[in-house]
Protein chains: 2
Amino acid sequence: MTKNTQVIDFSMRKQPVQQRSKALVAALLDATARLLVTIGYIAITTNKVAEKAGVGIGSLYEYFPNKESLVAALIERNSMEIVKKIQLGMEQALQKPHEDALRFWLEKMVNALDERRDEVRVVIFEVPFLRQMPLLETMPKTLMNVAFSAHKRANDRVQFTYPKAAVYHLTSMVSAAIINMVVHPPQHIPRKILLDELTELILRAMEGASLGNPGIS
Amino acid sequence: MTKNTQVIDFSMRKQPVQQRSKALVAALLDATARLLVTIGYIAITTNKVAEKAGVGIGSLYEYFPNKESLVAALIERNSMEIVKKIQLGMEQALQKPHEDALRFWLEKMVNALDERRDEVRVVIFEVPFLRQMPLLETMPKTLMNVAFSAHKRANDRVQFTYPKAAVYHLTSMVSAAIINMVVHPPQHIPRKILLDELTELILRAMEGASLGNPGIS
DNA sequence: TCATAACCCGAGTAATTATTCGGATATACT
DNA sequence: AGTATATCCGAATAATTACTCGGGTTATGA
């Protein structure tokens, strides 16, 4: 009845306009990223970030009201880059013949995430307010819309009993599989095989019939 | 080079032996659970937990060295209950005819998680050290072993190009799908349909051929 | 070149949260 | 009944972390 899950202030206090201040903010975000992967989210403090960035603590508070906004800004900056790459990969994939498209796109996504492996891991598993961020809240819905329209386009090939439910599950399953194979890869299984098998699983789930094995053996 | 991702002390300081102290510890864990779902993990403090439990702060520190150990103990206690139910469901499922077993087991798991919906959500998405807990670290591996031996038993029906990779992916995908449909269910889709479609997707992924539609329409 | 605005800073303080410790009470045991 | 042990407690203190504020520096642009 009292105050529930308090709302967090993610917004920056002001935007940097000159070059030096932009560089300062960038330095802060870079330091945040490095600290995230080295000491983990819990141990991060505003003072440590400022020190690591070689910046006065006062300067930090010129732009960020707290630790959360700092991490949030970093996530926004870097996940945007990843999202762009994934969208680009999608566009390229759509140019390919249908039986190669999925595998191609999966690989693009995995590679995009893999470039920031550690960061992705910490952000996904340690940042407690991730789901409260506007960006991350809408992301699954966007993904689902993309998946759903893709499904409609492929309507002649793919038929589900309950299309919306199928798209919903496929979205969460594919996201999970990809993130998992990047941040918690199994021992002794080459990535190529993981990608081949994942492609096969998804294609079978979607079409009910294998497209054949693109790999060896 | 300095100290990395600090190791967290999860262990209790001492075990309660008398009834009253056991009740006290239980009260602390219950209070922790209630606070987790009402104010979220970040906002929890040892003092708030003690107060909510109607217990002196000193008593709390008799048994728990810090906030993390408190939450960890709660997770251990409650996830054990869930795991038991899931294992029971698995045993029951294995009694069923093959084409009903999966659907049955999925439903059991979903129901087990759903009883503690909010708790599960907060624990999975807000507890930053979840992956550092011994229990949660081994859980995916256990799940994979179960899945793998189940696969071997069904060897005549299910064939994968790369069995280990397939089991690895299926494990992460099914876990994700189940957790997701409990903590972030889509609007306007009844649970029955979600379960039907998920069953169908997984069966197709595993067998390459639909077992037919168990639902209506 | 001078005024104005943007920027940078860190010692010092406020606010929060963690944690102890000595003393009081309850239970177990002989 | 008496002693040892387990338990409970919370005011007081320590430790951590957040955050401000006044004063100095650098860019802008009229």
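Proteins get letters first, then strands, A, B, ... in listed order; numbering begins at 1 in each. Owing to the predicted nature of the structure, the values given are computational and were not obtained by experimental measurement.
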| query | Roughly how many Å is it from NZ in A:K48 to P in D:dA15, rounded to a whole number? | reply | 16 Å
| request: Tell me which of B:Q18 and A:E62 sits closer to the 5' end of DNA chain C, going by the nucleotide each one is nearest to. | output: A:E62
| Distance, rounded to the nearest Å, where A:Y61 contributes OH and C:dG12 contributes P | 18 Å
| Validation row, ring centre A:H169 to ring centre A:Y162 under 6.0 Å | no
| task | Nearest-nucleotide wise, let me know which of B:T46 and A:Q15 is further upstream toward the 5' end of DNA chain C. | result | A:Q15
| query | When all nucleic acid strands are considered with a 4.0 Å heavy-atom cut-off, which category describes B:S59: base, sugar-phosphate, or nothing? | reply | base
| message | Is the phosphate of D:dT7 approached by B:S21 (side-chain N or O, under 4.0 Å from OP1 or OP2)? | response | yes
| request: With heavy atoms under 4.0 Å as the rule, sort A:F64 into base, sugar-phosphate or nothing. | output: nothing
| remark: Side-chain contact check for B:R13: nearest option of D:dA18, C:dT20, C:dT17 is C:dT20
| query | When the distance from CG of A:L35 to P of D:dT17 is rounded to whole Å, what number comes out? | reply | 13 Å
| said: Please report the distance, rounded to the nearest Å, between CG in A:L60 and P in C:dG10. | reply: 12 Å
| Euclidean distance, atom NZ of residue B:K14 to atom C1' of D:dT5 [Å, nearest integer] | 10 Å
| Quick one: which of D:dG10, D:dC9, D:dA27 gets closest to the side chain of A:R20? | D:dA27
| Within this structure, what is the CD-to-P distance between A:E51 and D:dA18, rounded to whole angstrom? | 14 Å
| query | How close or far is atom P of C:dA26 from atom CG of B:L24, stated in whole angstroms? | reply | 15 Å
| Looking at D:dC8, C:dC7, C:dT19, which one has an atom nearest to any side-chain atom of B:N47? | C:dT19
| request: Name the closest nucleotide to the A:V17 side chain, picking from C:dA6, C:dA18, C:dA28. | output: C:dA6
| note | Taken to the nearest whole Å, CE/B:M12 to P/D:dA6 is 15 Å
| said: Between A:L24 and A:Y63, does the side-chain contact (heavy atoms from CB on, under 4.5 Å) criterion hold? Intermediate values first, please. | reply: CA-CA 10 Å; A:L24 184 144; A:Y63 300 97; 4.0 Å; yes
| request: Check the pair B:D30, B:R77 against salt bridge (charged side-chain N to carboxylate O under 4.0 Å, His left out), reporting the backbone distance first and the verdict last. | output: CA-CA 11 Å; B:D30 291 341; B:R77 186 185 76 172; 2.8 Å; yes
| query | Quick one: on DNA chain D, does B:P16 or B:G56 contact a more 5' nucleotide (nearest heavy atom)? | reply | B:P16
| message | Ignoring hydrogens and geometry beyond distance, is a side-chain donor-acceptor pair present between A:N180 and B:Y168 at under 3.5 Å? | response | yes
| request: Give one of base, sugar-phosphate or nothing for A:K22, where a contact means two heavy atoms less than 4.0 Å apart. | output: nothing
| Donor-acceptor side-chain pairing of A:S11 and A:D9 below 3.5 angstrom | yes
